[in-house]
Enquirer: 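Handing you a structure now.
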Amino acid sequence: MHEEKLIQAITEHDQLMHDLRRVRSLDLPQCYIGAGYIRNYIWDVLHGYPLRELHSDIDVVYYDTEDMREKRDLLLEQMLRDQTGNSKWSVKNQARMHLRNGNEPYQSTEDALRYWPEIVTAIGVRLDEQGQVRICAPHGLEDLYALIVRQSPFFSDAGYYNHRVEKKCWQQQWSQLTIIKS
């Protein structure tokens with residue numbers, strides 16, 4: 001049920017659909033737009049707000065063990081910025097992010113998303129070759145639609161999580177959120 005609602009909401013967001021088509025054209029393996037772009041949009045929908053584009057970046061995540069150079073991600077970011085005039089693009093190959101995060105190597109984009117700080121942030125969407133919206137949500141979509149923010153069970157740094165949710169001031173923008181501190 002939540003998956004159908006998310007797919008409908010995504011298809012109704014013209015700019016997001018345009019961005020998904022642009023990202024699909026990069027032809028990166030296991031590639032999704034995720035995190036705040038998706039989460040904040042759905043929170044706006046659930047709060048009855050008009051489209052506000054309250055995301056600090058457009059997170060593009062993919063998984064490619066054949067080319068894990070950070071330089072590649074930076075080149076892709078710059079290409080997206082040049083094409084769109086939008087400086088918010090952030091591209092990260094999840095095949096190398098375990099090094100920064102101190103985890104065992106991730107096995108896929110979905111596996112990497114499990115380790116993101118909040119369950120509600122660990123959501124990605126992409127367009128498949130037929131133009132259908134596909135969702136990657138290793139923890140499910142229940143927290144997103146229940147407006148609950150909680151630490152991912154795979155993210156071990158409770159202090160970082162608590163500081164992050166406090167710093168984001170999400171409840172000031174979305175008053176119906178329930179934030180569970182760790």
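Counting from 1, the numbers follow the sequence of the chain as shown. Heavy-atom basis, side chains included; hydrogens, waters and symmetry copies ignored.
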Enquirer: For residues Y63 and Q94, report the shortest heavy-atom separation together with the two atoms involved.
Expert: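 That closest heavy-atom pairing would be CD1-C, 4.0 Å.
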Enquirer: Any heavy-atom pair between the side chains of L177 and I148 that's under 4.5 Å?
Expert: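 Not in contact.
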Enquirer: Which heavy atom of Q176 sits nearest a heavy atom of H47, and at what distance?
Expert: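 What the structure gives for the nearest pair is N-NE2, 3.0 Å.
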Enquirer: Does N101 reach the side chain of F155, with side-chain heavy atoms less than 4.5 Å apart?
Expert: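 A side-chain contact under 4.5 Å is absent here.
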Enquirer: Quick check: closest heavy atoms across A35 and D59, and the distance to 0.1 Å?
Expert: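 Looks like CB-OD2, 3.3 Å.
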Enquirer: Quick check for you: to the nearest 0.5 Å, what is the distance between I42 atom CD1 and W174 atom CH2?
Expert: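 Answer for the CD1-CH2 pair, I42 versus W174, is 12.0 Å.
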Enquirer: Taking it one step at a time, do K167 and N162 satisfy side chain to side chain contact (heavy atoms under 4.5 Å, CB included)?
Expert: CA-CA 9 Å; K167 180 180 79 172; N162 288 329; over 6 Å; no
Enquirer: Can you tell me how far the OH atom of Y161 sits from the OG atom of S156, to the nearest 0.5 Å?
Expert: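 It is 14.0 Å, given to the nearest 0.5 Å.
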Enquirer: Tell me the closest heavy-atom pair linking C31 and V60, and the distance in Å.
Expert: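 Minimum heavy-atom separation between C31 and V60: SG-CG1, 3.6 Å.
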Enquirer: We want to know whether E12 and Q8 form a side-chain donor-acceptor pair, criterion being a heavy-atom distance below 3.5 angstrom.
Expert: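 Yes.
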Enquirer: Is L113 reachable from F154 through a run of I, L, V, M, F, W or Y residues, each pair having side-chain heavy atoms under 4.5 Å apart?
Expert: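 The answer is no; the residues belong to distinct hydrophobic clusters.
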Enquirer: Would you confirm whether E70, through its side chain, and M68, through its main-chain N or O, come within 3.5 Å as a donor-acceptor pair?
Expert: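 Answer holds: no.
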Enquirer: Please walk me through it: do L26 and L76 pass side chain to side chain contact (heavy atoms under 4.5 Å, CB included)?
Expert: CA-CA 8 Å; L26 298 175; L76 290 166; 4.2 Å; yes
Enquirer: I10 and M17: side chain to side chain contact (heavy atoms under 4.5 Å, CB included), yes or no, with the steps?
Expert: CA-CA 7 Å; I10 297 297; M17 287 298 292; 3.9 Å; yes
Enquirer: Are the side chains of Y32 and L127 in touch, meaning some heavy atoms are under 4.5 Å apart?
Expert: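 Counting from C-beta outward, Y32 and L127 never come under 4.5 Å.
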Enquirer: Taking all non-hydrogen atoms of both residues into account, name the closest pair between A122 and P138 and its distance.
Expert: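 In this case the closest contact between A122 and P138 is O-CD, 3.5 Å.
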Enquirer: Check whether D143 reaches the backbone of V120 with its side chain - one donor and one acceptor, N or O, closer than 3.5 Å.
Expert: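 No; judged by distance alone, with no hydrogens or angles, the pair does not exist.
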Enquirer: With rounding to the nearest 0.5 angstrom, report the SG to CG distance, C136 to D111.
Expert: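 Answer for the SG-CG pair, C136 versus D111, is 10.0 Å.
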Enquirer: Can you confirm whether R126 sits close enough to V23 that some side-chain heavy atom of one is under 4.5 Å from a side-chain heavy atom of the other?
Expert: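 R126 does not reach V23 side chain to side chain.
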Enquirer: For the side chain to side chain contact (heavy atoms under 4.5 Å, CB included) test, which of R114, R150, E118 pairs with H139?
Expert: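 Testing each of R114, R150, E118 against H139, the sole residue satisfying side chain to side chain contact (heavy atoms under 4.5 Å, CB included) is R114.
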Enquirer: Working to the nearest 0.5 angstrom, can you tell me the gap between T84 OG1 and H18 NE2?
Expert: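 Rounded to the nearest 0.5 Å, the OG1-NE2 separation comes out at 8.0 Å.
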Enquirer: So do the side chains of Q171 and I179 get within less than 4.5 Å of each other, counting heavy atoms only?
Expert: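 Heavy-atom side-chain distance check passes, below 4.5 Å.
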Enquirer: Does the side chain of I180 reach to within under 4.5 Å of the side chain of V149, using non-hydrogen atoms?
Expert: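 Result no, sub-4.5 Å side-chain heavy-atom pair not found.
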Enquirer: In terms of side-chain heavy atoms, does T121 have a donor or acceptor partner in R39 at a distance below 3.5 Å?
Expert: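 There is such a pair (donor and acceptor under 3.5 Å, judged by atom type) between the side chains of T121 and R39.
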Enquirer: Give me the atom names and distance for the closest heavy-atom approach of Y160 to P117.
Expert: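 That would be CE2-CG, 4.0 Å.
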Enquirer: Following the transitive rule for hydrophobic clusters with a side-chain heavy-atom cut-off under 4.5 Å over Ile, Leu, Val, Met, Phe, Trp and Tyr, establish whether I33 and I7 coincide in one cluster.
Expert: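 Per the 4.5 Å side-chain linkage, I33 and I7 are co-clustered.
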Enquirer: Using a strict cut-off of less than 4.0 Å between a Lys/Arg side-chain nitrogen and an Asp/Glu carboxylate oxygen, indicate whether K181 and E166 qualify as a salt bridge.
Expert: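 The answer is yes: the pair qualifies as a salt bridge.
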Enquirer: Between K88 and D57, does at least one N-O distance fall below 4.0 Å, as a salt bridge requires?
Expert: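 Looking at K88 and D57, the cut-off is not met.
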Enquirer: Under the salt bridge (Lys or Arg N to Asp or Glu O under 4.0 Å) rule, what do D73 and R96 come out as? Steps first, then yes or no, please.
Expert: CA-CA 11 Å; D73 293 351; R96 75 162 196 286; 2.6 Å; yes
Enquirer: Any heavy-atom pair between the side chains of L147 and W43 that's under 4.5 Å?
Expert: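 A side-chain contact under 4.5 Å exists here.
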Enquirer: Is the positively charged end of K5 above the ring of Y145, judged by distance under 6.0 angstrom from the centroid and angle within 45° of the axis?
Expert: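 That pair qualifies as a cation-pi contact.
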Enquirer: Taking atom CD of Q30 and atom OG of S108, what is their separation to the nearest 0.5 Å?
Expert: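 Q30 atom CD to S108 atom OG measures 5.5 Å (nearest 0.5 Å).
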Enquirer: Are L144 and W116 grouped together when hydrophobic residues (ILVMFWY) are joined by side-chain heavy atoms under 4.5 angstrom apart?
Expert: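 No; W116 is not reachable from L144 via cluster members.
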Enquirer: Just wondering, more than 12 heavy atoms not from Y49 lying within 6.0 Å of its OH?
Expert: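 It does: Y49 OH has more than 12 such atoms within range.
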Enquirer: Under a 4.5 Å side-chain heavy-atom rule over Ile, Leu, Val, Met, Phe, Trp and Tyr, are I38 and L28 clustered together?
Expert: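 I38 and L28: one cluster.
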Enquirer: Below 4.0 angstrom, N of the basic side chain to O of the carboxylate: do R52 and D44 qualify?
Expert: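 Counted as a salt bridge, because a side-chain N and a carboxylate O are separated by less than 4.0 Å.
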Enquirer: Once you round to the nearest 0.5 Å, how far does CG of L74 lie from CE of M79?
Expert: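 CE of M79 is found 13.0 Å from CG of L74.
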Enquirer: So L141 and E3, do their side chains get closer than 4.5 Å, heavy atoms only?
Expert: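 Contact flag for E3/L141 side chains = yes.
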Enquirer: Between E77 and K92, is there a side-chain N and carboxylate O pair less than 4.0 Å apart?
Expert: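 Here E77 pairs with K92 in a salt bridge, since their nearest N and O are under 4.0 Å apart.
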Enquirer: Would you kindly confirm whether V125 and Y37 end up in one hydrophobic cluster when ILVMFWY residues are joined by side chain heavy atoms under 4.5 Å apart?
Expert: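 In one cluster with V125: Y37, yes.
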Enquirer: Could you please spell out the steps behind the ring pair (Phe, Tyr, Trp, His ring centres under 6.0 Å) verdict for Y106 and Y115?
Expert: CA-CA 9 Å; Y106 304 136; Y115 291 87; 5.2 Å; yes
